[in-house]
Amino acid sequence: SDGTLVVDREPGGRYLLAGNVGVDVVDVATGDRRQLVDSVIPAELEADYTGRDFFWSPSGRTAAARACSIELCVVDVIDTSDWSVRRLPGTTTLVALNDDYAVTYPSLSDRRPQILDLRTLDFEPVASQLAGLIGAYPRDDGTFVLYGVTSWPYVDPVHRPLVLVDPVS
């Protein structure tokens with residue numbers, strides 16, 4: 001699926017991040033376009049590439065572009081102040097992020113939640129009561145609300161608890 005994300009930068013105007021394979025940034029006012037990520041499917045996703053989607057932090061200073069296959073994802077983190085991009089090492093499935101941390105899980109078959117420190121690139125398991133992470137939301141105070149299931153793979157009906165995670169503590 002094609003992904004798009006509108007980014008408002010203050011000062012600096014409105015921009016559109018867009019792409020299916022690569023990632024481009026488009027200045028909405030002028031139409032100027034710049035490629036941030038090459039339009040080449042990452043080798044680890046070639047066999048069954050499914051597309052790209054986008055995430056952003058509550059502050060708008062950090063965005064991420066996730067490209068996935070049926071089982072794995074690669075993630076490019078974008079600093080919206082200067083449009084610099086860095087690819088996270090290995091494969092991980094990004095679920096939510098703020099400017100310092102991301103909520104991820106290792107793969108579609110291993111959905112145990114983890115926090116990724118975007119500065120050190122260290123992973124820390126969190127919310128051990130969740131066997132399978134379904135989603136997460138970043139909050140303005142730097143914490144995340146995670147929701148998931150207590151057994152994985154899950155079958156309905158199953159308990160879907162909400163968990164508040166503070167990556168700093």
Side-chain angles (χ1 to χ4, degrees), residues 1-9 15-25 36-38 41-45 49-149 152 160-169:
S1 64
D2 288 339
T4 58
L5 172 69
V6 175
V7 176
D8 286 312
R9 278 197 335 200
Y15 295 84
L16 178 70
L17 291 176
N20 180 19
V21 178
V23 177
D24 293 344
V25 61
L36 301 179
V37 177
D38 289 339
I41 296 173
E44 54 271 67
L45 308 179
Y49 185 71
T50 59
R52 183 177 289 284
D53 52 359
F54 294 89
F55 298 82
W56 65 95
S57 66
S59 74
R61 289 188 305 264
T62 306
R66 176 179 75 178
C68 296
S69 67
I70 292 172
E71 176 65 17
L72 302 171
C73 296
V74 296
V75 177
D76 295 300
V77 177
I78 302 163
D79 180 334
T80 64
S81 69
D82 62 4
W83 303 114
S84 60
V85 178
R86 66 183 172 130
R87 176 153 294 167
L88 297 181
T91 57
T92 190
T93 301
L94 178 74
V95 181
L97 81 158
N98 61 32
D99 295 324
D100 299 315
Y101 298 94
V103 176
T104 70
Y105 53 82
S107 69
L108 294 178
S109 60
D110 180 0
R111 294 180 77 136
R112 292 171 295 159
Q114 40 189 16
I115 291 286
L116 170 62
D117 185 321
L118 293 173
R119 297 161 301 200
T120 65
L121 301 180
D122 292 330
F123 287 93
E124 178 80 28
V126 294
S128 61
Q129 66 269 45
L130 298 180
L133 183 63
I134 302 297
Y137 298 97
R139 296 170 25 127
D140 290 338
D141 65 1
T143 62
F144 294 91
V145 175
L146 281 57
Y147 68 97
V149 293
W152 189 262
R160 291 183 173 88
L162 291 174
V163 179
L164 181 66
V165 174
D166 184 350
V168 178
S169 61

Practice task
Please round to the nearest 0.5 Å and tell me the distance separating atom OG1 of T104 and atom CG of L88.
Solution key: 8.5 Å

Handout entry: Sidechain-backbone polar pair: N98 side chain, P138 backbone, donor-acceptor under 3.5 Å
Key = no

Completion exercise
OG1 (T93) and CG (L72) are apart, to the nearest 0.5 Å, by 7.5 Å

Exercise for the section: Using atom types as modelled and distance alone, determine if a side-chain donor or acceptor of R111 lies under 3.5 Å from a backbone N or O of L133. Expected result: yes

Problem - Interatomic spacing from CD1 in I115 to CG in D100 - rounded to 0.5 Å - result: 11.5 Å

Practice task
Could you pull out the closest heavy-atom pair between D110 and R112, with the gap in Å?
Solution key: OD2-NH2, 2.6 Å

Practice task
Assess whether side chain to side chain contact (heavy atoms under 4.5 Å, CB included) is satisfied between R52 and D76, documenting all intermediate values.
Solution key: CA-CA 11 Å; R52 183 177 289 284; D76 295 300; 3.7 Å; yes

Problem - Interatomic spacing from CG in L118 to CG in L97 - rounded to 0.5 Å - result: 6.5 Å

Fill in the blank from the handout: Nearest heavy-atom approach of P167 to F144 is CG-CE1, 3.9 Å

Handout entry: Residue D141 excluded, over 12 heavy atoms near CG under 6.0 Å
Key = yes

Practice task
Could you go through the side chain to side chain contact (heavy atoms under 4.5 Å, CB included) check for R86 and L121 one step at a time?
Solution key: CA-CA 11 Å; R86 66 183 172 130; L121 301 180; 3.7 Å; yes

Handout entry: Heavy-atom closest contact (W83 atom, L36 atom, distance)
Key = O-CD2, 3.6 Å

Practice task
Check the pair R87, V74 against side chain to side chain contact (heavy atoms under 4.5 Å, CB included), reporting the backbone distance first and the verdict last.
Solution key: CA-CA 7 Å; R87 176 153 294 167; V74 296; 4.2 Å; yes

Practice task
To the nearest 0.5 angstrom, please state how far the OG1 atom of T92 sits from the CZ atom of R66.
Solution key: 10.0 Å

Completion exercise
CG (L146) and CD (Q114) are apart, to the nearest 0.5 Å, by 11.0 Å

Problem - Close side-chain approach of I134 and Y105, heavy atoms under 4.5 Å - result: no

Practice task
Under the side chain to side chain donor-acceptor pair (under 3.5 Å) rule, collect the residues that match up with D99, sequence neighbours excluded.
Solution key: S57, S59, R61, T62

Practice task
Would you check, one step at a time, whether the test side chain to side chain contact (heavy atoms under 4.5 Å, CB included) holds for I78 with V25?
Solution key: CA-CA 10 Å; I78 302 163; V25 61; over 6 Å; no

Practice task
Mind jotting down which residue pairs meet the disulfide (SG to SG under 2.5 Å) criterion with at least one end in residues 89-128? Sequence neighbours excluded, please.
Solution key: none

